[in-house]
Each structure stands twice: as structure tokens, then as C-alpha cells.
2 protein chains.
Amino acid sequence: MDRASVFNQYLRTKGLKNTRQRMIILETFLASASHYSTEELYQVLRTDHPRIGYATVHRTLKLFAECGIATELNFGDGQARFEPLYTDHHHDHLVCTRCGKIIEFIEPRIEQLQREVAQRYDFTVDSHRHELYGRCINCSQ
Amino acid sequence: MDRASVFNQYLRTKGLKNTRQRMIILETFLASASHYSTEELYQVLRTDHPRIGYATVHRTLKLFAECGIATELNFGDGQARFEPLYTDHHHDHLVCTRCGKIIEFIEPRIEQLQREVAQRYDFTVDSHRHELYGRCINCSQ
DNA sequence: TAGCTTTTGAAACTCAATTTCATTAGCGTG
DNA sequence: CACGCTAATGAAATTGAGTTTCAAAAGCTA
């Protein structure tokens with residue numbers, strides 16, 4: 001089932017409504033280069049849909065996270081960011097502190113070690129954050 | 001060189017002043033169980049030093065981070081937290097989302113894999129964040 | 001289509017972080 | 001030690017992302 005269907009089904013089961021704004025935001029969000037903050041997505045939407053309000057964008061992104069088609073990220077710049085979630089391959093992030101570029105990486109051995117660590121402390125992990133900050137190849141001199 | 005000396009030397013080289021407030025905040029911060037938010041440290045200080053203002057606590061914690069004796073953490077609860085930095089053993093965190101308990105863990109094999117990942121993308125790492133969120137042993141049913 | 005419920009969007013509000021600014025306090029020099 | 005300069009302090013104001021409010025508009029179900 002694709003992410004649009006997941007979202008629509010989530011709306012239906014929760015008794016929420018399938019509105020024009022939500023569909024436009026969903027479409028734009030899924031089509032976009034990911035890692036948008038609310039403000040950034042709002043600015044992108046303004047071009048073609050100037051009547052859609054910031055609060056609606058914000059609430060809709062929260063809904064995406066709730067229903068599992070997006071994850072909320074925070075890279076320490078004081079703005080929450082969202083990315084479409086691909087359930088079939090978990091990844092973490094390299095964040096360039098100069099140009100803002102975000103690189104996704106997959107490293108199953110790290111995931112495995114995380115499970116080991118959690119077990120060591122009798123800890124039940126629900127989620128994790130793992131980001132490396134520094135310079136991407138273009139920004140290192 | 002201990003952390004108090006590092007801070008004092010930092011003040012001197014930057015032409016900043018060694019004030020009563022800064023010394024009190026430093027002492028309380030180093031003596032404390034770590035991972036204080038600004039607000040929490042401010043509340044602790046209020047007991048014995050009610051004249052020290054919130055802004056001063058905030059500015060002083062930022063100074064600690066600047067001079068390298070503390071690191072700024074963010075566990076997604078909307079408040080920055082600070083912990084005294086021990087340069088001799090880097091660690092990451094397990095964060096209990098129910099009781100707020102914070103467990104520090106060390107796993108050199110994860111550090112090593114991080115270096116591998118960075119190399120894979122020609123990325124120069126300056127810092128990283130790695131936190132596992134879930135339930136500690138007391139909070140899992 | 002009616003009637004009920006949710007959504008929208010503008011504006012207001014929240015809350016931590018940060019800045020402002022007049023007063024106070026370090027600190028180097030004479 | 002006092003002078004004078006500079007930085008620090010603390011109360012209050014400001015910022016900015018996030019969230020809530022509320023009257024009007026729109027979706028949904030019968």
C-alpha cells in the first residue's frame with residue numbers, strides 16, 4: 001500500500017476528512033526532496049497555493065508523522081524537519097553544517113550494536129536518533 | 001587540567017571576567033547530577049543564590065559549551081540540556097520516554113562504524129548525536 | 001439537501017531562547 | 001587605592017517555532 005493510501009485510510013479510520021488542502025500538501029510533500037521544515041514546505045506551497053495557511057501545513061505534517069508515512073527529524077537548528085518514511089529501509093543522516101546538505105546512510109551493523117547496548121541496560125528501544133555532523137566533500141577544504 | 005581551570009583560562013584569553021556568579025554556576029554545574037536544562041539549573045541555584053538571574057545562567061551554560069567543558073544536548077523535549085564533558089570517555093545516551101531517566105553508554109564499535117560510514121561518503125565528522133529512546137527497566141511493564 | 005462534525009486560516013498565545021539596556025562589578029593602570 | 005574602561009548582570013522585552021483559538025467554510029452521511 002503506498003503512502004497516499006495509508007494516509008487516506010488513516011483519515012477514514014479516525015473519522016477525519018479528506019480535504020483539498022490535505023491532498024495538495026500530501027502530494028507536494030511526497031514529490032519533494034525530503035527533509036523539509038514546516039516553514040520550507042509552506043513557502044513551496046505558497047507559489048501554487050497561496051491560500052493554504054501555515055497552521056494547516058503544520059497540522060498536516062503532524063498527521064503524516066502520526067499515521068506513519070513520515071518521520072519528524074531535528075537537526076539542532078531549531079526547526080523540526082519531516083521526511084517521507086520508507087518502512088523498508090531504515091536510515092540515519094550525515095548533516096553538513098556548512099551547506100546544509102543531508103546524506104542518508106544505512107549501516108545494519110550499527111543497528112545491531114544498538115540492540116546489544118539496549119539489552120545490556122535492560123532497555124526497550126522504541127526509536128532512535130543518530131546523526132553525524134561535519135563537512136560534506138564539497139565543503140571540506 | 002581540570003574543567004574549572006579550563007574555564008578560567010578561557011575567560012582570561014577572551015578578555016572576559018571572572019565573576020562571582022560564574023564561579024557559583026560553574027561549581028553547582030560540575031557538582032550536580034548532569035543533564036540539567038537551563039531552567040532546572042536555575043531552580044537549583046535559586047535555593048542558595050536567589051539573586052542570580054535566568055539570563056546569567058543561560059549565558060554561562062553557553063560559555064561552558066563554547067570553551068569545551070560542557071556539551072549541549074537535546075532530547076527532543078524542547079529544552080536544551082547540558083552535561084559536563086569528560087574528554088577521556090565519549091558516550092551516548094539511552095533516554096527513557098516515561099520517567100526521563102538518562103543512561104550513558106559507551107560502545108567503541110559504534111564509533112568505529114561511524115568513521116567507516118563517514119569515509120564512505122567522503123564526509124569529515126565534527127560531532128555526532130546518538131540517542132536511543134524507549135523504556136528503562138523500571139518503566140517497561 | 002440538511003444537519004452534524006471537522007477543517008481551515010488568521011490571529012493570538014505559549015514557552016524556551018535570546019537580546020536589550022541601565023546599573024553594577026571586574027580588572028588593569030596610574 | 002582610586003580611576004576609568006570594559007564586561008557582566010538581571011529584569012524586562014523580544015524573537016521565533018510551535019500550538020491553540022474561534023468564527024466561517026467545507027466534508028461526510030443519511
Side-chain angles (χ1 to χ4, degrees), chain A residues 7-29 35-67 70-82 100, chain B residues 7-29 35-67 70-82 100:
Chain A
F7 183 56
N8 281 306
Q9 184 157 333
Y10 181 76
L11 293 180
R12 225 162 332 106
T13 59
K14 285 274 185 173
L16 305 177
K17 291 169 180 173
N18 182 326
T19 66
R20 195 176 52 80
Q21 289 91 333
R22 281 174 178 166
M23 290 309 109
I24 291 168
I25 295 169
L26 174 63
E27 195 179 323
T28 307
F29 177 67
H35 312 114
Y36 272 145
S37 67
T38 305
E39 180 62 30
E40 285 166 357
L41 183 54
Y42 172 65
Q43 289 305 333
V44 169
L45 284 160
R46 261 167 57 99
T47 313
D48 288 339
H49 306 282
R51 311 286 303 278
I52 294 181
Y54 180 93
T56 301
V57 176
H58 171 262
R59 285 182 287 224
T60 305
L61 282 170
K62 286 286 188 188
L63 275 181
F64 292 166
E66 256 177 63
C67 76
T71 39
E72 192 170 341
L73 306 171
N74 192 308
F75 295 144
D77 63 348
Q79 285 190 238
R81 292 177 181 280
F82 294 83
Chain B
F7 183 56
N8 281 307
Q9 184 156 331
Y10 181 77
L11 292 180
R12 222 156 342 98
T13 59
K14 284 273 186 174
L16 305 177
K17 291 169 181 172
N18 182 325
T19 67
R20 195 175 53 78
Q21 289 91 333
R22 281 175 178 166
M23 291 309 109
I24 291 168
I25 295 169
L26 175 63
E27 197 179 321
T28 308
F29 177 67
H35 311 114
Y36 271 144
S37 67
T38 306
E39 178 63 30
E40 284 166 359
L41 183 53
Y42 172 66
Q43 289 303 333
V44 169
L45 284 161
R46 260 167 57 100
T47 312
D48 287 340
H49 306 281
R51 311 287 303 279
I52 295 181
Y54 180 93
T56 300
V57 176
H58 171 262
R59 285 180 287 224
T60 305
L61 283 170
K62 285 287 187 187
L63 275 182
F64 293 167
E66 256 177 63
C67 76
T71 38
E72 191 171 340
L73 306 170
N74 192 308
F75 295 144
D77 62 350
Q79 284 188 239
R81 292 176 181 280
F82 294 83

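Reminder, nothing fancy here: chain letters follow the sequence lines and each chain counts from 1. Scope of the values below: all heavy atoms of this structure, side chains included, with no hydrogens, waters or symmetry mates.
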Under the criterion side chain to side chain contact (heavy atoms under 4.5 Å, CB included), I'd like the reasoning laid out for B:Gln21 against B:Ile24: C-alpha separation, chi angles, the key distance, then a yes or no.
CA-CA 5 Å; B:Gln21 289 91 333; B:Ile24 291 168; 5.8 Å; no
Atom-pair distance ([atom1] on [X]; [atom2] on [N]), nearest Å:
| X | N | atom1 | atom2 | result |
| --- | --- | --- | --- | --- |
| A:Asp77 | D:dG18 | CG | P | 9 Å |
| B:Gln79 | C:dA16 | CD | P | 5 Å |
| A:Glu72 | D:dA17 | CD | C1' | 12 Å |
| A:Arg20 | C:dG9 | CZ | P | 7 Å |
| B:Arg59 | D:dT9 | CZ | P | 7 Å |
| B:Arg12 | C:dG28 | CZ | P | 9 Å |
| A:Gln21 | C:dA10 | CD | C1' | 14 Å |
| B:Leu63 | C:dA17 | CG | P | 16 Å |

Using OP1 and OP2 only, check whether a side-chain N or O of [X] sits under 4.0 Å from [N].
| X | N | answer |
| --- | --- | --- |
| B:Tyr54 | C:dA17 | yes |
| A:His58 | D:dA17 | no |
| B:Arg22 | D:dA7 | no |

Just to be sure I understand the rule, does B:Arg51 reach a base, reach only the sugar-phosphate, or reach nothing, if contact means heavy atoms closer than 4.0 Å?
sugar-phosphate
Using a 4.0 Å heavy-atom cut-off across all strands, classify B:Lys62 as base, sugar-phosphate, or nothing.
sugar-phosphate
What are the two closest non-hydrogen atoms of A:Gly53 and A:Tyr42, and how far apart are they?
C-CE1, 3.8 Å
5'-most contact on DNA chain D (nearest-nucleotide basis), B:Lys17 vs B:Pro50, goes to B:Lys17
The answer to which of B:Gly53 and A:Asn74 contacts DNA chain D further toward the 5' end, by nearest nucleotide, is B:Gly53
Nearest-nucleotide wise, let me know which of B:Thr19 and B:Ser37 is further upstream toward the 5' end of DNA chain C.
B:Ser37
I'd like to check A:Phe7 versus A:Met23 (side-chain heavy atoms, cut-off strictly below 4.5 Å). Are they in contact?
yes
Taking the side chain of B:Thr38 as heavy atoms from C-beta outward, which of C:dA17, D:dT20, D:dG18 is closest to it?
C:dA17
Is A:Gln43 atom CD crowded by more than 12 heavy atoms from other residues, nucleotides or ligands, each under 6.0 Å away?
yes
I'd like to know if the side chain of A:Arg81 and the backbone of A:Leu73 have a donor-acceptor N/O pair within less than 3.5 Å.
no
